[in-house]
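Data block below; observations after.
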Amino acid sequence: RNLFIMEGMWTRFFPAVQKARNIALGAEGEDDSLGDIAKVYSDFNFFAPDHEEYPTSFVYNRKLGGGAGLLVAPYPLAAATMFFRSEPDSAKVGKLSSCFI
């Protein structure tokens, strides 16, 4: 069927992100990488009260289909996996603040 499907992780195409990936992994066809990446720490933050009313918005309420896992978890995972040559063996989530759970 010759289909192309992609999630909208537009940051992957920023020139600065591509340059950082080339520095970390080496430019294609060259052997000048930093070496094997052992760990990546990544986070993502946003100021939801700018746009969403607490506590009625789904942004704050998992029972309404929202919450941090749905809204922001994909971004640090996508950012982190850009710096591995293959899929990582595992991914772990740090402690979430109890005021938003």
Side-chain angles (χ1 to χ4, degrees):
R1 296 176 76 184
N2 208 13
L3 295 175
F4 175 80
I5 300 173
M6 182 178 177
E7 171 60 25
M9 292 295 174
W10 46 272
T11 52
R12 185 175 293 268
F13 300 103
F14 284 178
V17 171
Q18 292 176 337
K19 178 71 172 176
R21 190 169 192 276
N22 285 343
I23 290 169
L25 300 176
E28 198 170 314
E30 297 179 26
D31 191 27
D32 60 351
S33 72
L34 294 177
D36 291 334
I37 306 295
K39 283 185 181 181
V40 175
Y41 292 93
S42 181
D43 63 17
F44 180 86
N45 299 285
F46 69 103
F47 189 63
D50 254 3
H51 307 287
E52 303 294 336
E53 187 160 333
Y54 183 82
T56 56
S57 170
F58 84 101
V59 168
Y60 302 103
N61 192 335
R62 284 190 252 162
K63 292 177 183 174
L64 296 175
L70 172 70
L71 297 172
V72 297
Y75 295 99
L77 286 171
T81 58
M82 280 192 278
F83 294 95
F84 289 100
R85 286 186 171 83
S86 61
E87 295 293 320
D89 294 331
S90 65
K92 296 182 181 182
V93 175
K95 182 179 178 184
L96 296 174
S97 173
S98 61
C99 67
F100 294 111
I101 296 177

(request) Kindly give the heavy-atom pair with the smallest separation between Phe13 and Gln18, and that separation in Å. (result) CA-NE2, 3.8 Å
(request) Could you tell me which non-hydrogen atom of Phe83 sits nearest to which non-hydrogen atom of Ala24, and how far apart they are? (result) CD2-CB, 3.6 Å
(request) Can you establish whether the number of heavy atoms outside Tyr75 located under 6.0 Å from its atom OH is more than 12? (result) no
(request) With sequence neighbours left out, write down each residue that passes ring-ring contact (aromatic ring centres under 6.0 Å, His included) with Phe14, or none if nothing qualifies. (result) Trp10
(request) Supply the atom-to-atom distance Leu77 CG to Met82 CE, rounded to the nearest 0.5 angstrom. (result) 11.0 Å
